[in-house]
J.: 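The structure under discussion is supplied below as structure tokens; questions concerning it will follow.
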Amino acid sequence: MLILGIETSCDDTSIAVLRIEGAKPEVLSNIVSSQIQIHNTYGGVVPLLAAREHEKNLPLVLQEALQVASCKVADVDLVAVTSGPGLIMSLVKGVNFAKELAQKNNKPIIGVNHMAGHVYSNWLSTTHYPLFPALCLIVSGGHTELVLMHNHGKYELIGRTVDDASGEAFDKIARIIGLEYPGGPAISREAEKFTGEKTITLPRPMMHSKDQDFSFSGLKTAVLYLVRDIKSRLNLDLSQKIRAEIAHEAQDAIVDVLISKTKKAIEIHQPKSVLLAGGVSANKLLREKIKTLHDNVFIPPMQYTTDNAAMIAMAAYYNQDTKDFDADANWEIV
Ligand code: KG4
Ligand code: ZN
């Protein structure tokens, strides 16, 4: 079957065509039109601008996705669109576009939960599939959650952030130390420049708490005070060396907390597989460290880590009986 996926939950306009024969997926096209250049000037995503760009981009991205996949909308068996969570104005643009397309071409349509989409990026390019129960570490710009997946579409929330998400921590810390948006890749690049002994230690909030929850806002505040101290009390500018050191230590702190909590959750819940998902899964250090926690770890290929429509089409395949069209579509908490 052919599934057309549409994703517009934040600042990426993406449309994909996924072919599935005997449960084996083949991504025929996965076009992502990024708005990073536009939002970079503002240090983060501007919702009104994002919605306007989606509206402009959607017809062009559709044309390209069909062209690359060598197919027409008439060939498609199912239209799948992200229905939430995300920026409401951005979501509406994608959902309306998808509904109109499905109606005009007389195709069935389903809503897909964005976080379920990230989880299913692990089904896109693999020769063997995750076994259930699967423990998922979901790390994105808006979410940081540990979820036990009991079956397709059945999730049990084990832990979540009580304040900022891990991607949000990367983005905010990057901004404080003068790096560009999105902060995750910028901090990683900066961290790589650091050599030598570290003299700065940042906190690892809630790393040893008994629950499986996370907290990242204290880390961001610690960086804010540190930078303020360096600039005012010591009357220094952030030198290249100090900036790289802060980036290195902040990345270590975020990854340490994520890994330590995932390790504990594995001990408690004894999952048959461990899945990493969401934009922060592009982080090299996190990818390396999570591999050591379990024999059966799944990490999405780089091109499916950040927002894309192929993952939305993949989630739709396994959740075709979904009736809802709200943010919780195919996200059933057991
Ligand atoms: O999943 P995603 O593309 O969008 C949301 O659903 O939020 O995730 C975006 C987040 C941003 O916060 C970005 O800084 C982070 O993923 N990110 C990274 C890396 N690449 C993207 N964080 C750490 N290291 C990276 N290499
Ligand atoms: Zn996302």
Side-chain angles (χ1 to χ4, degrees), residues 5-14 16 30 32-36 39-40 43-45 47 50 54 81-88 90-91 94 112-122 136-145 147 160-161 164-177 179-192 214 216-217 219-220 247-259 275-290 299-312 314-315 327 331:
I6 301 178
E7 154 66 37
T8 62
S9 69
C10 191
D11 60 340
D12 290 307
T13 315
S14 180
N30 183 38
V32 182
S33 169
S34 167
Q35 305 175 8
I36 284 177
H39 301 288
N40 203 349
V45 180
H54 285 310
V81 59
T82 305
S83 52
L87 298 174
I88 189 71
S90 291
L91 287 164
V112 173
N113 177 285
H114 182 73
M115 305 326 290
H118 276 302
V119 168
Y120 278 95
S121 61
N122 285 293
C136 314
L137 173 65
I138 306 175
V139 278
S140 73
H143 289 74
T144 293
E145 285 164 3
V147 160
R160 67 191 325 169
T161 180
D164 293 351
S166 47
E168 193 179 353
F170 273 111
D171 295 338
K172 287 179 173 171
I173 291 169
R175 203 169 166 175
I176 295 168
I177 62 174
L179 300 176
E180 61 187 13
Y181 172 84
I187 287 200
S188 292
R189 279 194 302 272
E190 195 65 24
E192 274 174 24
F214 304 87
F216 293 102
S217 81
L219 175 62
K220 165 200 67 191
H248 196 285
E249 174 62 2
Q251 175 172 258
D252 272 356
I254 295 170
V255 172
D256 278 355
V257 175
L258 293 173
I259 290 298
L275 276 57
L276 182 61
V280 181
S281 71
N283 187 273
K284 268 198 228 153
L285 185 66
L286 180 60
R287 291 168 80 87
E288 274 164 28
K289 288 203 166 175
I290 202 164
I299 299 170
M302 271 307 213
Q303 71 267 36
Y304 306 127
T305 52
T306 48
D307 293 348
N308 67 89
M311 69 184 195
I312 301 302
M314 193 72 252
W331 189 255

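Treat the numbers as computed from the prediction; the structure is a model and nothing was measured. Whatever order the structure lists ligands and atoms in, that order sets their numbers, starting from 1.
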J.: Without swapping roles, check the side chain of Ser14 against the backbone of Ala309 for a donor-acceptor pair under 3.5 Å.
T.: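 Side chain of Ser14 to backbone of Ala309: a pair is present.
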J.: Using a 3.5 Å distance criterion without hydrogens, assess whether the side chain of Asp12 forms a donor-acceptor pair with backbone atoms of Cys10.
T.: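 Between the backbone of Cys10 and the side chain of Asp12 there is no qualifying donor-acceptor contact (under 3.5 Å).
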J.: Just checking: His143, one of its N/O/S atoms, less than 2.8 Å away from the Zn ion (ligand 2), yes or no?
T.: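 Of the N, O and S atoms in His143, none lies under 2.8 Å from the Zn ion (ligand 2), which means no.
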J.: Considering both backbone and side-chain atoms of Thr306, is one of its nitrogen or oxygen atoms within less than 3.5 Å of a nitrogen or oxygen in ligand 1?
T.: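 N/O-N/O distance below 3.5 Å does not exist for this pair.
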J.: Rounding to 10°, state the angle centred on the Zn ion (ligand 2) that links NE2 in His118 with OD1 in Asp307.
T.: 100°
J.: What part of Lys284, side chain from CB on, backbone N/CA/C/O, both or neither, has a heavy atom under 4.0 Å from ligand 1?
T.: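 Neither; nothing of Lys284 gets under 4.0 Å from ligand 1.
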J.: Look at Cys10 and state whether any of its N, O or S atoms is less than 2.8 Å from the Zn ion (ligand 2).
T.: no
J.: Counting heavy atoms only, name the option from Ser9, Gly141, Ser188, Ser34 that's nearest to atom 5 (C) of ligand 1.
T.: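 It is Gly141 whose heavy atom sits nearest to atom 5 (C) of ligand 1.
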J.: Could you tell me whether the side chain of Ile138 reaches within less than 4.5 Å of the side chain of Val119, counting heavy atoms only?
T.: yes
J.: Restricting to N, O or S atoms of His114, which is nearest to the Zn ion (ligand 2)?
T.: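 Per the distance ranking, His114 contributes NE2 as its closest N/O/S atom to the Zn ion (ligand 2).
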J.: Using 30° and 60° as the class limits, which term best fits the ring planes of His114 and His118: parallel, tilted or perpendicular?
T.: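 The arrangement is perpendicular - the two ring planes meet at more than 60°.
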J.: Judged on heavy-atom distance to atom 25 (C) of ligand 1, which of Gly184, Pro85, Ser121 sits nearest?
T.: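 Checking each option, the heavy atom nearest atom 25 (C) of ligand 1 is found in Gly184.
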J.: Do Thr8 side-chain atoms and Ser90 backbone N/O form a donor-acceptor pair below 3.5 Å?
T.: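 Checking the backbone N and O of Ser90 against the side chain of Thr8, a donor-acceptor pair under 3.5 Å is found.
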J.: Quick check on contacts: which atoms of ligand 1 are under 4.0 angstrom from a heavy atom of Gly183?
T.: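 Near Gly183, meaning under 4.0 Å from one of its heavy atoms, ligand 1 has 14 (O).
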J.: Would you check whether Phe170 has a nitrogen or oxygen atom less than 3.5 angstrom from a nitrogen or oxygen atom of ligand 1?
T.: no
J.: Kindly determine whether Ser188 and Asn283 satisfy side chain to side chain donor-acceptor pair (under 3.5 Å), including the steps that lead there.
T.: CA-CA 7 Å; Ser188 292; Asn283 187 273; 3.1 Å; yes
J.: Do Ser9 and Glu7 pass the side chain to side chain donor-acceptor pair (under 3.5 Å) test, and can you show the C-alpha distance, the side-chain angles, and the key distance before you say yes or no?
T.: CA-CA 6 Å; Ser9 69; Glu7 154 66 37; 2.6 Å; yes
J.: Counting N and O atoms only, with roles assigned by atom type, does the side chain of Asn122 sit under 3.5 Å from a partner on the main chain of Leu276, one being a donor and the other an acceptor?
T.: yes
J.: Test your reading of the model: is there a side-chain donor-acceptor pair from Asn30 to the backbone of Ala310, 3.5 Å cut-off?
T.: yes
J.: Can you check whether Thr305 has an N/O within less than 3.5 Å of an N/O in ligand 1?
T.: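 No; every N/O pair is 3.5 Å or more apart.
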J.: Does Pro182, backbone or side chain, put an N or O under 3.5 Å from an N or O of ligand 1?
T.: no
J.: With a cut-off of 4.0 Å, which atoms of ligand 1 are near a heavy atom of His114?
T.: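 Contacts of ligand 1 toward His114, numbered from 1: 6 (O).
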J.: Would you confirm whether Asp171, through its side chain, and Gly183, through its main-chain N or O, come within 3.5 Å as a donor-acceptor pair?
T.: yes
J.: Have a look at ligand 1 and work out which part of Asp171, if any, has a heavy atom under 4.0 Å from it: side chain, backbone, both or neither.
T.: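 Side chain only.
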J.: Using a 4.0 Å cut-off to any heavy atom of Gly142, which atoms of ligand 1 qualify?
T.: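 The atoms of ligand 1 under 4.0 Å from a heavy atom of Gly142 are 7 (O).
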J.: Measure from the side-chain N and O atoms of Arg160 to the backbone N and O of Val147, and report whether any donor-acceptor pair falls under 3.5 Å.
T.: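 No.
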J.: Tell me the protein heavy atom at minimum distance from atom 2 (P) of ligand 1, and give that distance in Å.
T.: Asp307 OD1, 3.2 Å
J.: In Å, rounded to the nearest 0.5 Å, how long is the span from CG of Leu258 to CD1 of Ile290?
T.: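 It is 8.5 Å, given to the nearest 0.5 Å.
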J.: Have a look at ligand 1 and work out which part of His143, if any, has a heavy atom under 4.0 Å from it: side chain, backbone, both or neither.
T.: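 Near ligand 1, His143 shows nothing, with every heavy atom at 4.0 Å or more.
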J.: Give the single entry among Gly278, Ala174, Ala277, Gly279 that approaches atom 8 (O) of ligand 1 most closely by any heavy atom.
T.: Gly279
J.: Check each atom of ligand 1 against the heavy atoms of Gly167 and keep those under 4.0 Å away; list them by number with element.
T.: 12 (O)
J.: Less than 4.0 Å is my threshold; does some heavy atom of Pro185 fall inside it relative to ligand 1?
T.: yes
J.: In terms of atom number and element, which parts of ligand 1 are under 4.0 angstrom from non-hydrogen atoms of Asn283?
T.: 23 (C), 24 (N), 25 (C), 26 (N)
J.: Within the 4.5 Å heavy-atom criterion, are Lys220 and Arg175 side-chain neighbours or not?
T.: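 They are not in contact (no side-chain heavy atoms under 4.5 Å apart), so the answer is no.
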